[in-house]
Every structure is written in C-alpha cells, then in structure tokens.
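See structure below.
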Amino acid sequence: MIRIVLADDHPVVREGLSAMLSAESDLEVVADASSGPQAEALAAQLRPDIVLMDLRMPGGGGVDSIVRMTRAGLPCRVVVLTTYETDRDILRAVEAGAAGYLLKDLPRAELAEAVRAAARGETVLAPSVAARLVDQLRRKPERPRLSERETAVLRLVAEGCTNAEIGRRLLIGESTVKTYLLRVFGKLDVDDRTAAVTTAMRHGLLEQ
C-alpha cells in the first residue's frame, strides 16, 4: 500500500481527494491536514510515502513546508497539488525539493498513477508545468554573483540562524545583516529568506 497524507485548507477538497484516492486498491489516505505545519507534524509521526500538498494555505504551507520536510530528512516524497502554475511557484517548489507538481484539474486515474510514480521515485509534472520548466532552462539566466560577506550571511540563513545569531557569528550588527540580506534578495530576485536559499542552492552559490 502507498500511504498518503493530504494537505489542503478546503475540507471539501480533502474529502473529495480522499475518496478518489482511497477507491484505488493500492492507495491509502492515512491522514489529512489543513495547513503545511500540520502536514509536517503528521508526516513526522506517520511516515507516509507521499504528502500531497496544496501550495497556498492560510495556516501556512507550500514551499516553506517542503523545505522543512526535506531538511528533516523525512522519507516521504512531497507532491504539490494546486491550482497555481506561475513560473515562480513552480521553480520554488521544485528547488525546495518537491517530487512533483500537479494541477487540481487532473483526472482521477492520472492523479492515482502520478502518486504511484512519485512513490517509485519518479518526478511527476503536469504537462504545462513541464513545458514551463523547459522554457526556464532554455533561457539560462546568468548566474548571480554574491560577495563573500553576502554568501557568508546566506549560508548562516540556510543553517536556520536568525539575524541576531548571524550578527553574533560574523561580528556585525543586526541592521547590517538585514542590509546584506536585502542586497541578496535583490541580486537573486526573491523576496524572502527561503526563496533566497533555494535560489542560491540552484545556482551553486552556497557550495564550499
């Protein structure tokens, strides 16, 4: 049996997905969550094979949750199941460690097969999502350049340090840390710490 945790903030969607997937003889929905943090807790407790994760939920979810589950080394594979398919959403999810990116208009049989493929270790992408990723690769954006100090600050962000902790480690003021982070955000064209780390990792900027 392939064990699944569903994460979606709409109860009707969770019930519908659970009924659809549970109708398959080899799929079992073991729990559902209304937010990313709740899904993380269930994944740590139940150790499912797959977490089907909506990208945007009021209680928190999406990319940040994927990053935390990946860092925690949980054995589950996270597959995004959402209505959003912007380039930025797709890239951030894949960079964060998502094993797939599917859209909610997927027919039941195709969703079930995608879950099976993800459980086998394959990457599953909706056709329109795959096309967007290929287009991004063809563009080959120029690799951003970070200064030595900007890189040092971002490495500590990747370790989970707060601005205050980074300041103490690097012997600089917290306001200076914020200044470096704003510069990093600008160079990487992101607007938060998680996106900065995942984008920098994609470009190989945090390699020792």
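With contacts defined as side-chain heavy-atom distances shorter than 4.5 Å, the pair V129/V94 does not qualify. Annotation: side chain of P37 is in contact with side chain of S65 (closest heavy-atom distance under 4.5 Å).
Here E150 pairs with S147, K187 under the side-chain hydrogen bond (donor to acceptor under 3.5 Å, both in side chains) rule; sequence neighbours left out. Every residue meeting the side-chain contact (heavy atoms from CB on, under 4.5 Å) condition with A117, not counting sequence neighbours, appears here in chain and number order: R120, E122, V124. When the side-chain contact (heavy atoms from CB on, under 4.5 Å) test is applied to A98, the partners found at least two apart in sequence or on another chain are I66, V80, A93. Take S34 and apply the side-chain hydrogen bond (donor to acceptor under 3.5 Å, both in side chains) test, not counting sequence neighbours, and it matches Q38. K104 is linked by a salt bridge (Lys or Arg N to Asp or Glu O under 4.0 Å) to D8, D54, counting only residues two or more places apart in sequence or in another chain. R193 is linked by a side-chain hydrogen bond (donor to acceptor under 3.5 Å, both in side chains) to N163, counting only residues two or more places apart in sequence or in another chain. For D105, there are no side-chain hydrogen bond (donor to acceptor under 3.5 Å, both in side chains) partners at least two apart in sequence or on another chain. Checked against side-chain contact (heavy atoms from CB on, under 4.5 Å), T123 has the following partners two or more places apart in sequence or in another chain: L125. The side-chain contact (heavy atoms from CB on, under 4.5 Å) check on D192 picks up R92, T194, A195, with sequence neighbours excluded. Every residue meeting the salt bridge (Lys or Arg N to Asp or Glu O under 4.0 Å) condition with R14, not counting sequence neighbours, appears here in chain and number order: D32.
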request  = Determine, step by step, whether I166 and Y180 satisfy the side chain to side chain contact (heavy atoms under 4.5 Å, CB included) criterion, reporting the C-alpha distance in whole Å, the side-chain angles of both residues, the deciding distance to 0.1 Å, and the verdict.
outcome  = CA-CA 11 Å; I166 293 171; Y180 279 123; over 6 Å; no
message = As a quick check of understanding, evaluate side chain to side chain contact (heavy atoms under 4.5 Å, CB included) for I2 and E24, giving each step before the final call.
response = CA-CA 10 Å; I2 297 172; E24 302 290 327; over 6 Å; no
query = Going through the checks in order, is the side chain to side chain contact (heavy atoms under 4.5 Å, CB included) test met by T82 and D89?
reply = CA-CA 10 Å; T82 184; D89 286 331; over 6 Å; no
ask   = What do the steps show when you test D49 against R77 for side chain to side chain contact (heavy atoms under 4.5 Å, CB included), and what is the final call?
value = CA-CA 6 Å; D49 301 293; R77 308 196 80 217; over 6 Å; no
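L111 CG to R116 CZ: the interatomic distance, rounded to the nearest 0.5 Å, is 9.5 Å. In this structure, CG in L106 is found 7.5 Å from CG in L81, a value given to the nearest 0.5 Å. Distance check: S22 OG to I4 CD1 gives 7.5 Å after rounding to the nearest 0.5 Å. The CD atom of E40 sits 10.0 Å away from atom SG of C76, with the distance rounded to the nearest 0.5 Å. The CG atom of L156 sits 10.0 Å away from the OG1 atom of T162 when rounded to the nearest 0.5 Å.
M57 and V13 sit in two unconnected hydrophobic clusters of ILVMFWY residues. Membership requires side-chain heavy atoms under 4.5 Å apart, directly or through other members. Cluster membership for L146 and V153, using ILVMFWY side-chain heavy atoms within less than 4.5 angstrom, is shared. L206 is connected to V157 through a chain of hydrophobic side-chain contacts under 4.5 Å among Ile, Leu, Val, Met, Phe, Trp and Tyr, so both are in one cluster. Under the 4.5 Å side-chain heavy-atom criterion for Ile, Leu, Val, Met, Phe, Trp and Tyr, V78 and I50 are members of distinct hydrophobic clusters. V51 and I90 fall within the same hydrophobic cluster, where Ile, Leu, Val, Met, Phe, Trp and Tyr residues are linked whenever their side-chain heavy atoms come under 4.5 Å apart, directly or through other members.
Counting all heavy atoms, side chain and backbone alike, A196 lies closest to L188 at O-CD1, 3.4 Å. Closest approach of M53 to G36, counting heavy atoms only: SD-CA, 4.2 Å. The two residues L21 and A112 make their nearest non-hydrogen contact at CD2-CA, 4.5 Å. Nearest heavy-atom pair across P144 and L205 is O-CD2, 3.5 Å. A33 and A39 make their closest contact through CB-N, 3.6 Å (heavy atoms, listed as atom of the first residue, atom of the second, distance). Closest approach of L55 to Y101, counting heavy atoms only: CD2-OH, 3.3 Å.
A donor-acceptor pair under 3.5 Å links the side-chain atoms of T70 to the main chain of A96, judged by distance alone. No donor-acceptor pair under 3.5 Å is formed between the side chain of R108 and the backbone N or O of A23.
Counting only residues at least two apart or on different chains, the salt bridge (charged side-chain N to carboxylate O under 4.0 Å, His left out) pairs with a member in residues 157-174 are E159-R169.
When hydrophobic residues (I, L, V, M, F, W, Y) are linked wherever their side-chain heavy atoms come within less than 4.5 Å, L171 remains an isolated member.
In the displayed structure, M20 atom CE is contacted under 6.0 Å by more than 12 heavy atoms of other residues, nucleotides or ligands.
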